[in-house]
Each structure stands twice: as C-alpha cells, then as structure tokens.
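Below is one structure, written out as structure tokens, with a few remarks after it.
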4 protein chains.
Amino acid sequence: MKTPASAAANPSLRERLRVLTSRAILDAAEVVFATQGLQAARMEDVAARAGVAVGTLYNYFKDRQTLVTSLHAYRHQEVIELFEQCLAAGADRPFDALLLEVVRILLGHFDRHRAFFVVLMQSEAELGRREAMCARRQAILELRGCFERVVARGVAEGAMRADDAAIFPSALFALLQSAMMHAHFNEATTPAAEQAAALVRLFLDGARPRPAAG
Amino acid sequence: MKTPASAAANPSLRERLRVLTSRAILDAAEVVFATQGLQAARMEDVAARAGVAVGTLYNYFKDRQTLVTSLHAYRHQEVIELFEQCLAAGADRPFDALLLEVVRILLGHFDRHRAFFVVLMQSEAELGRREAMCARRQAILELRGCFERVVARGVAEGAMRADDAAIFPSALFALLQSAMMHAHFNEATTPAAEQAAALVRLFLDGARPRPAAG
Amino acid sequence: MKTPASAAANPSLRERLRVLTSRAILDAAEVVFATQGLQAARMEDVAARAGVAVGTLYNYFKDRQTLVTSLHAYRHQEVIELFEQCLAAGADRPFDALLLEVVRILLGHFDRHRAFFVVLMQSEAELGRREAMCARRQAILELRGCFERVVARGVAEGAMRADDAAIFPSALFALLQSAMMHAHFNEATTPAAEQAAALVRLFLDGARPRPAAG
Amino acid sequence: MKTPASAAANPSLRERLRVLTSRAILDAAEVVFATQGLQAARMEDVAARAGVAVGTLYNYFKDRQTLVTSLHAYRHQEVIELFEQCLAAGADRPFDALLLEVVRILLGHFDRHRAFFVVLMQSEAELGRREAMCARRQAILELRGCFERVVARGVAEGAMRADDAAIFPSALFALLQSAMMHAHFNEATTPAAEQAAALVRLFLDGARPRPAAG
DNA sequence: TATGAATGAGATTTCATTCAT
DNA sequence: AATGAATGAAATCTCATTCAT
C-alpha cells in the first residue's frame, strides 16, 4: 500500500493497490478473528487493525459473511497449493516419505497460522447447517479431495490397505487436527510439525508394538 | 415458613417439578443450539421449544452463558460416566476388546446426540481464549483423562507402544471426532458407531497392509 | 407474628395477625428501600427481608406503588402525630421553647429513621410529576400544614415577623432537611438532633452577630 | 489515513458536529429526565427528543449512567462557574450585597433549569449509597465548597457569627433548595429568584421581628 | 391464606451496514 | 475511494405481578 516501487509503473496501479488493501484487510481479519473469536470480533476491530475505516471494509467485501468466507478461501487455497506442490514434487518418492513430507508441510503451515486455523475448524462444525457457506464447503471438499488422492495413491502403491480406505482420508485429517489442537492447548510449546513422524508412524503402523522380529 | 417441606404437604413436588423443568430446558437448548448454531440461537427460541416463557429460563440459569455451560456439563458428564462404566466392566477383558467396546459405546452416544456434539466441538475450539469457560475446560480435561487411562492400560498390557504414547490419547480422540464429522457431513447415512471396528483397526494396526503371513 | 401472648385472646386474632404482618412488611420495606434505593429495591428483596413470600406482599398491598405510598403514609403519620403532641403539650410555653422542642423532636425522629427519610426526600422531588401519588402529596401538605401552624403561632405571639412569613414554613422545613442531609453525608457522626439549638438560633435570629449590647 | 485533518479538507467540521450533537443529546436528556423522572425516562425517549437514533446516544455516552452523570456535570459546572464569577465580581462589595447577588444569581439559574434541578436533587439523595457516583459527589462537594467560601468571607468580615458557622453552608444551601421546591410545587407561579431578598433577610437576621429601634 | 414458579412486557445495549461528505 | 457518524433491528436480561397448589 505504500511500497515506493509501485510508483514507477502505472499500468494498473489502481488494481495493485486494491490487491494490497484487500490483503491488508484479510491479514487483519485473520488476527482479529483468531484473537477474539469468529463471532465476538467486530468489523470495527478488523478495520482498526487494518488501518482503514469501517466503510472501506465494505468497499472490498460485500458484508461480514463475505469477508469470513474470503478469508477461509484465502487460507484454504494456500493449503491446497502447498498440498499440490508436495504431491507433484513427491511423485517419484516412496509413499512413506511422501506422506511424511505432506504431513510435515501441512503442520508447518498450520503452525504459522495456528490461531486462525483453530477458528476455522470451529466454523467448519457449522457447515452442516448454514446454506450461505457453500463456498466454504466447496473449499473443504477440495481439501478433502487432496487427502483422498494421497490415500488413493497409497492404496495403489500397495502401501495402504484397501478395505478400510474409506475412512482413511478423514482419519488422516483428524490426526492432523489433533496435533494442532494439542499444540493449541499446550500453548507456546513445541510446534505441531514436530509430531509429524509420530503421527505418520501411528497412521501407517498403528499403536501396537511392532512384532519382535522387525 | 421457609422449610420447603411445610409448603402444602407436597414434600418434594416442587422440587421434582424444578428438575423436570430444568431437564426440559436443557433438552430444548440442545436441539435449538444444534439446529441453529451456538450463537445464532436465541434464548426466546429455547424458551419456545421448552414450552416456557423467557423469564423462566433465567429462573433456572443465571444467563445464556450459564445455560450453554450447563448443557455442556450435562452431556459431558454422561459421556464420562459411560466411559467409566466401560472401563470398569471391561477390567478383565483383553485390551483389544475393551478398546473396541469403548469406541463403540462412545460413538453410539455421539450418534444419539450427534448434532449437539458437533456444536460442542465447535465451542471447544474457543477454549484457548475465553477464561470464563474453565468449567468446560475442566470437563474436557476430565474426558482427556479417560483417554489417557485407556492408553496407559494398553501400554501396561503391552498392547500398545510406549514410545509415541504421548500422542495416542489425543489421536484416539481425534479419530472418534473424525468418525462423527464424517457422519455429520454425510447426513443421515450410516451411524458413526459402525465405523468402530475400522477405527480400532486403524488405530492399533495402522493403515499399512498386514504382512502376507496373516 | 409469633408473639405467644396473642394466643390467649381470640377476639380478632386474624385481624391482629394481619396488622403484625403488615407492620413486618412495612418495616422490611423501609430497610430495603433505604439500603438499596427506592427504585433499585426489588419486591423479592422486601419479601425476603420480611420473611414472607412475594405473593404475600400482594395480599397486603395492591402493588409496589401502594406499598411505597403506605410506607410514606406510615412514617409521615408518625411525624405528624409527634408534631401534634408537641404543639398540644407546648401550648402554654413561650414560643422559643416550643420551637426548639419541635425541632428537637423532629430531628430525633429523623435520626431514628434517617436512611428512610433520605429516600423519602428523594421521592418527594418526583411529586410534581406523578399523579398517582396524590396520597403522598396529601401527607406532605399535611406536614407543611403543621409547619404553617407553628409559624402562624409565632407570628401571632409576636415572636416572628409577619412580612416574610410566607417563606418561613418551607424555610424551616428546609433547615431541618439540611440538618438531616448533613448527618447523612457525614455518616455515623453526631446525630442531627444535636444541631437543633443552632438551627433555631439561626432561624430566629439569623447568621448576623448580635449587636454588642445584648 | 487517520489524521482527522486529512479527511476532506474539513479541518474540524466533524469535530464541530460532534459537539453540537453532544449538546443536543444533553439538552434532550435534561428535558426528558426532568419530565418523566430520572428512572422512568427511556433512552429511546431521549433519542427521539434529540432527533437521533438510539445507537447514536451510545456513540456519545458509554451507557445510561454515563449520560446522567455527564448531564449532572454539565449543569453543575455552569452553577459553579456562575458562583465563581459572582464571588470574583463582588470582591469589593459589602457582604450583604454580595450574598444577595449570589442568591439572586443562583436562583435565577435554578429558575431557568428548574425541572432538571429537581431531578438532580432527587438523585443527590442517592449519593450516600452508590459508589459509582463519585464524580457526582465530587461536583456536589465542589458546590458545597463555594458555599463554604461565602460563609468564610462573611465571618471574616464580621458579618456573620462564627459560633454556628459550621451549619451555615448547608443551611444556606437548604434555603435555596426550599425556594426551588416552593417554586416547583406552586408550579408556574413567581420565580424563585423573587424570594432572594426574603431569603437573605431570613438568613442574616432571622425570623424574629426587628427590635423597635430600627 | 401463604407460597414461589411462571410470565412476558419492556428496558438497555450492541454492531453490521449505509451514505453524506 | 476513503471516511466514520448515524442508523435501528435484534438480542439479552429484569422484575412486578399472577395464580395454581
């Protein structure tokens, strides 16, 4: 919004400013929603944090709902892109390594936006009920799709059982969540990413002790 | 003049009515909160559903917050009691069977109050932030304690690895949640309880195919 | 309400009980209104203090307004009776002594019910506006009448000027009030009655120093 | 972006409007509170009278209590300023004349805001009880201080006795009140200010007839 | 007659949204 | 395009009063 470099070119200065302001608002919204809670946060707080007037919020987002949805989409998109990159990059790696990498990357991302993701999860529970959130539902399904692709690949490679495969995607997702919640509750302790290996071990080999003859 | 017994030879009629009304309100609240969402639900709706006047709500619960908290406590208590009964009853069973039983019982309970538990989870995410919810936090810790005892017992019996045991309780909890969320999203499909066996298999033996020599 | 002595006679036991309960309620109301303020006090508090149920209040007083009014009347009546007794008893005394006696008696009564009289004054200010309070207005006019009689007598005896006599009654009343308010603000200090002599001196001879040749 | 001056070349227009609105609300509040009573008046009525929406009230005053307190402060301040001006202006006048002037000025002001001052007095009686009103108490003490200064000066000049001086300030204040109450009850009659001379006569020389040798 | 739970109108307060500047 | 004061619908909570027991 104040980058001096953007003064040189003028092709679509307006447009670039719009994007910057929009980002600034989304970033402010993330912090405010995460700090105060999705419902307790007031538009005025978001505006104050973003350094703009309330009215400006409405120049960029139709209404509160839209702002929340956009924020979700924004972060979700990042996760999905990360996910895709992992999958693409690890196309030729052994499945175990790929899975570990995916889990690590995702948890790393979660760690960076921990507070917001907690809020995001909170609102996911609402999804069954509200209609207006189909955009958000969409994003979630997309994320779910990523997990399903990972699982599908694991099964295809013979690295995972096919019989219970139906529950694996949501189970995997749930394990990631559990790591986050764990990190969230024991605030300021070890980041969730450090649990990546243990999670993958649990997911792939279970909690049962390995048979003696490893 | 103030002894409740002296009222009109109705030793505890009043008292019994109080309990009934209190229950009616809590039941109504569960439905309304689950249907409309924790925040969207209005006290008036709860009252209407319970068949009482708004004021009556406040004769039983100090304020909205207290109602929500009481509802949480009410359901949580049931879960914990179920849990305890399982643990007590299965004291001499093999660990695998015990775990399966526990998971099945819990998911069954979840199925019966599905909508509300989704709401409950939603609000659990808030816990890091609000202080006033220590009662609720207490309940959650208690539940967590139950899972820890199960895990501890599994480890003691040699049925579970000790190395990653730290993450097992929340992982187990998360897997249950995933089953619920799964059931919640695919509304009106198979109950979560049917996933019990698959979940336990995954938790104990992992997603990896069993070695050939089954 | 529980006086064992009243069990002996039965001529109008019911009636006597009614009076006792009525008194108990009025006494409780005085304390509660004085402690919590005329508006902040709740009927429930009055009932609790009186040791009866809320419903009982309404068996004795039509509504809140009536209770307040009755309380006013109750106390006012006492004041007026005191006043009358003084006037009657002092019929043959010199005016100065009579006035001093009246002031002393009234302030003494005020001291005994200080808190409530403060509340009472508070509500007197409302009088210009509310219609339903004509009963109260009546009582006040009656009290005013007492003061007017004292002044009239003073004038008749040549102990007071006739020219400004119109303002003397309310001035005298105001001086009494000032003594009470003074006592009220400097809580728990000397009782208002001790100011009686000074007040009368001020009222009769003014604040100006006496001419040297007394 | 936040400097008020940068808005739209309207350096202090906003600010001026704020002051005007604030005044409008206070003026409306005075009328409404005085007309309907301090407690009976509803915020909605104040808003309607001020010609703004309810919400606007809360943009200017945190809550009802604050509005009332601000109103008190607003009027009290005016009285005190009037008082100070009198005292300053009359520094070299004989005490009798000064006192008369003070009384006349104050009663004049009272006359102009009669209804509200009655309400104000009403609430003064509450002062002993509520703590949150320290601001108001402060104002009252300040006013009392003014009266004390007048009395001190009178005593110093030998125009008033020193022995009973302790009760003079509140007595003087009470006499003013009595004039107001008198005017209030005999609504729409002669203004209180006309009683100024009689009041001062009473206060300085008492109710007793002057000794023959005038 | 006493009781006290139920009632529900009504008051305060909040905050997403609008719109004149 | 940005601003921020104004708006007013809506939600929570209170408490005088009623009435079945």
Side-chain angles (χ1 to χ4, degrees), chain A residues 14 17-18 21 39-48 51-65 67, chain B residues 1-4 6-10 13-15 17-18 21 39-47 51-65 67, chain C residues 14 17-18 21 39-48 51-65 67, chain D residues 1-4 6-10 13-15 17-18 21 39-47 51-65 67:
Chain A
R14 282 274 167 80
L17 281 180
R18 271 201 81 81
T21 305
Q39 35 159 325
R42 292 152 56 246
M43 292 298 269
E44 198 180 327
D45 298 330
V46 174
V52 300
V54 231
T56 305
L57 258 42
Y58 289 84
N59 289 336
Y60 286 82
F61 302 93
K62 185 175 134 330
D63 55 16
R64 192 185 203 277
Q65 184 62 237
L67 174 57
Chain B
M1 201 161 221
K2 297 200 91 178
T3 324
S6 71
N10 45 359
L13 178 63
R14 283 262 166 90
E15 197 52 34
L17 283 178
R18 274 198 80 82
T21 307
Q39 39 157 329
R42 300 164 331 121
M43 292 300 268
E44 198 180 329
D45 299 331
V46 174
V52 300
V54 221
T56 304
L57 260 40
Y58 291 87
N59 288 339
Y60 287 81
F61 303 93
K62 192 175 100 33
D63 55 15
R64 192 186 204 281
Q65 183 60 235
L67 174 57
Chain C
R14 282 273 166 80
L17 281 180
R18 271 202 80 82
T21 305
Q39 38 159 324
R42 290 150 60 245
M43 291 299 268
E44 199 181 327
D45 298 330
V46 174
V52 300
V54 230
T56 305
L57 259 40
Y58 289 85
N59 289 337
Y60 287 81
F61 302 92
K62 186 175 133 331
D63 56 16
R64 191 186 204 278
Q65 184 61 234
L67 174 57
Chain D
M1 200 165 222
K2 297 201 89 178
T3 322
S6 71
N10 45 358
L13 178 62
R14 284 263 166 91
E15 198 50 35
L17 283 178
R18 275 199 80 82
T21 306
Q39 39 158 328
R42 298 163 332 118
M43 292 299 268
E44 199 180 327
D45 298 331
V46 175
V52 300
V54 222
T56 304
L57 260 39
Y58 291 87
N59 289 340
Y60 287 81
F61 303 94
K62 192 175 100 35
D63 55 17
R64 193 186 204 281
Q65 182 62 234
L67 174 57

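As the structure is a prediction and not an experimental result, all values here were calculated from the model. A, B, ... follow the sequence lines: proteins, then strands. Residue 1 opens every chain.
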Value in whole Å for how far the C1' atom of E:dA16 lies from CD of B:Gln39 = 13 Å

For A:Lys62 and C:Arg18, take the nucleotide of DNA chain E holding the closest heavy atom to each; which residue's nucleotide lies nearer the 5' end?
-> C:Arg18

Tightest non-hydrogen contact, residues B:Tyr60 and B:Arg18, listed as CE2-O, 3.4 Å

Do B:Leu57 and B:Phe61 come close enough that some side-chain heavy atom pair is under 4.5 Å?
-> no

Using a heavy-atom cut-off of under 4.0 Å over every strand shown, decide if B:Tyr60 touches base, sugar-phosphate, or nothing.
-> sugar-phosphate

Ignoring backbone atoms, test whether D:Tyr58 places a side-chain nitrogen or oxygen under 4.0 Å from the OP1 or OP2 oxygen of E:dT13.
-> yes

Establish, with yes or no, whether the OP1 or OP2 oxygen of E:dA6 is under 4.0 angstrom from a side-chain nitrogen or oxygen of B:Thr21.
-> yes

Euclidean distance, atom CD of residue D:Glu15 to atom C1' of F:dA5 [Å, nearest integer] | 12 Å

Calculate the interatomic distance between B:Leu17 atom CG and E:dA5 atom P; express it in whole Å.
-> 10 Å

Pairs under 3.5 Å (N/O, protein and nucleotides 7-11 of chain F):
residue : atom : partner : partner atom : Å
F:dT7   : OP2  : D:Ala53 : N            : 2.7
F:dT7   : OP2  : D:Thr56 : OG1          : 2.8
F:dG8   : N7   : D:Gly55 : N            : 3.3
F:dA11  : OP2  : B:Arg42 : NH1          : 2.8

Grab the CD-C1' distance between D:Gln65 and E:dA11 for me, whole Å please.
-> 15 Å

Who passes side-chain contact (heavy atoms from CB on, under 4.5 Å) against C:Ala41, sequence neighbours left out?
-> C:Val32, C:Phe33, C:Gln36, C:Arg64

DNA chain E: stems of at least 3 consecutive Watson-Crick or G-U pairs, cut-off 3.5 Å?
-> E:2-21 with F:2-21

